[in-house]
Amino acid sequence: MKFLITILLIFLEISCNSLEKERLELDKKILEFEQERFRKCGCNCETTAIPYSFEIEKKTLSNCTKIPPPTREEIWALAQKGDWSYSPKLLSQKEICKESPKETYYKIYHNTDSYVAETQVPKTKKSSCINNVLFHGKENLYESMIEDAAKEIGIAFDKEKWIGLKNKIIEYNTLEKGRSFYYECIPKDEKASWNKCDCVLFASYENGKEQIKQALK
């Protein structure tokens, strides 16, 4: 067993692509697991299945089709009317799995007339403008997630009827930091003084649009 682990360590040092390295690391974990099991029970061990987590990890690595993430410009473009894509965390990576679920909804919102933004000094206008968009846009964002899904399956959006689903979406986004916030904001006035701004807001839901469709049905 130790001899096999030593061979794997040598292979890990050989230059290869990142996916192969991940697979070798996984095989090393499996061998170490079997070695520990053998040490505890000697030669009387019955054959056992590889732990479930190892099987899932190996399947994920072997089936993953790597693609470049959508660009900033592509996110802004799909957010014009509102649409689903990968989470901001995945977007920050150089490549992602094509099979990863699109669980994050992006849409552009604008700030409303804000006395605070107009009267503040330039250094604080940016945060004031962004907070203004978040305050007035978040509620509409959650409703838009449901409304767009309803249109796709031919159901008329009913704000009162689907209040329970909306509350579930809100709860999902508040349970974990980073599920709902703003992707990016830009000033929209002439001198970029942040009296006016556009923001791409985002919110998430498990399994994305398909989960919402199922709830609506």
Side-chain angles (χ1 to χ4, degrees), residues 69-93 96-118 120 124-189 192 194-217:
T71 64
R72 168 186 176 272
E73 290 74 19
E74 288 172 329
I75 294 298
W76 274 91
L78 66 85
Q80 291 288 340
K81 293 184 178 180
D83 204 352
W84 295 81
S85 188
Y86 306 103
S87 69
K89 183 178 180 180
L90 288 178
L91 293 179
S92 66
Q93 300 177 11
I96 58 178
C97 288
K98 184 179 180 180
E99 298 81 8
S100 296
K102 295 182 178 181
E103 297 184 322
T104 304
Y105 184 82
Y106 297 86
K107 192 168 184 178
I108 296 175
Y109 288 93
H110 320 280
N111 69 315
T112 59
D113 292 335
S114 172
Y115 173 79
V116 176
E118 291 177 357
Q120 283 186 343
T124 59
K125 280 187 176 182
K126 179 178 179 179
S127 60
S128 177
C129 196
I130 293 173
N131 287 335
N132 189 263
V133 178
L134 286 167
F135 181 78
H136 292 94
K138 271 293 184 67
E139 193 78 8
N140 294 326
L141 178 68
Y142 295 129
E143 291 179 359
S144 184
M145 295 168 73
I146 302 173
E147 185 175 8
D148 287 1
K151 285 181 181 178
E152 285 198 14
I153 57 177
I155 297 177
F157 176 71
D158 189 324
K159 184 175 180 179
E160 298 300 323
K161 183 179 180 180
W162 303 115
I163 188 68
L165 176 57
K166 177 183 171 183
N167 288 337
K168 286 183 179 179
I169 295 174
I170 293 173
E171 180 183 8
Y172 179 81
N173 282 275
T174 54
L175 282 175
E176 186 174 310
K177 185 178 180 181
R179 286 180 175 174
S180 179
F181 201 44
Y182 72 91
Y183 169 73
E184 187 179 34
C185 295
I186 57 174
K188 295 298 290 183
D189 37 11
W194 289 92
N195 286 322
K196 296 180 180 179
C197 59
D198 284 356
C199 292
V200 174
L201 304 186
F202 70 85
S204 309
Y205 201 55
E206 188 175 8
N207 296 322
K209 179 170 55 179
E210 295 306 315
Q211 185 84 349
I212 294 178
K213 284 182 180 179
Q214 290 299 319
L216 290 171
K217 291 178 182 179

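This structure is a prediction, so every number in the text was calculated from the model and none was measured. Any value given below was found using the heavy atoms of this structure, including those in side chains, with hydrogens, waters and symmetry copies removed.
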Problem - Carboxylate-amine/guanidinium proximity below 4.0 Å for Glu171 and Lys168 - result: no

Any side-chain to backbone donor/acceptor pair from [X] onto [Y]? Under 3.5 Å, distance only.
X: Tyr109; Y: Leu141; answer: yes
X: Thr104; Y: Ala203; answer: no
X: Asp189; Y: Trp194; answer: yes
X: Glu103; Y: Asn207; answer: yes
X: Ser128; Y: Thr124; answer: no

Shortest non-hydrogen contact between [X] and [Y], atoms and distance:
X: Cys185; Y: Ile130; result: SG-CG1, 3.7 Å
X: Val200; Y: Ile108; result: CG2-CG1, 3.7 Å
X: Gln93; Y: Lys89; result: CG-O, 3.7 Å

Anything under 3.5 Å between a donor and an acceptor, one on a side chain of residues 75-87, the other on a protein residue two or more places apart or in another chain? List them.
| residue | atom | partner | partner atom | Å |
| --- | --- | --- | --- | --- |
| Trp76 | NE1 | Glu184 | OE1 | 2.7 |
| Tyr86 | OH | Lys98 | O | 3.4 |
| Ser87 | OG | Leu90 | N | 3.3 |

Working to the nearest 0.5 Å, report the span between [atom1] of [X] and [atom2] of [Y].
X: Asp148; Y: Ile212; atom1: CG; atom2: CD1; result: 9.0 Å
X: Ile146; Y: Leu216; atom1: CD1; atom2: CG; result: 7.0 Å
X: Thr112; Y: His136; atom1: OG1; atom2: NE2; result: 4.0 Å

Handout entry: Residue pair Phe202 / Tyr182, side-chain heavy-atom distance below 4.5 Å
Key =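 Result no, sub-4.5 Å side-chain heavy-atom pair not found.
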
Exercise for the section: Answer yes or no: is there a side-chain heavy-atom contact under 4.5 Å between Leu201 and Lys107? Expected result: no

Problem - Flag if over 12 foreign heavy atoms under 6.0 Å of NZ, Lys138 - result: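 Buried by this count: over 12 neighbours within 6.0 Å.
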
Handout entry: Residue Lys125 excluded, over 12 heavy atoms near NZ under 6.0 Å
Key = yes

Practice task
Kindly check if Cys197 and Cys129 bring their SG atoms closer than 2.5 angstrom.
Solution key: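 Yes, Cys129 links to Cys197 through a disulfide.
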
Donor-acceptor pairs under 3.5 Å, side chain of residues 154-164 to any protein atom, not counting sequence neighbours: which ones?
| residue | atom | partner | partner atom | Å |
| --- | --- | --- | --- | --- |
| Asp158 | OD1 | Glu160 | N | 3.1 |
| Asp158 | OD1 | Lys161 | N | 3.0 |

Exercise for the section: Please determine, by modelled atom types, if Tyr142 and Asn173 share a side-chain donor-acceptor pair under 3.5 angstrom. Expected result: no

Handout entry: Criterion side chain to side chain contact (heavy atoms under 4.5 Å, CB included) on Lys188 and His110, from CA distance to verdict
Key = CA-CA 9 Å; Lys188 295 298 290 183; His110 320 280; 5.8 Å; no

Practice task
Report the residue from Arg72, Glu74, Glu73 that forms a side-chain contact (heavy atoms from CB on, under 4.5 Å) with Pro70.
Solution key: Glu74

Practice task
List the steps, then state whether side chain to side chain contact (heavy atoms under 4.5 Å, CB included) holds for Tyr106 with Leu91.
Solution key: CA-CA 13 Å; Tyr106 297 86; Leu91 293 179; 3.2 Å; yes

Practice task
Verify side chain to side chain contact (heavy atoms under 4.5 Å, CB included) between Lys166 and Met145, making sure each step is shown before the conclusion.
Solution key: CA-CA 9 Å; Lys166 177 183 171 183; Met145 295 168 73; over 6 Å; no

Practice task
Over 60° means perpendicular and under 30° means parallel, so classify the ring planes of Tyr205 and Tyr172, tilted if in between.
Solution key: perpendicular

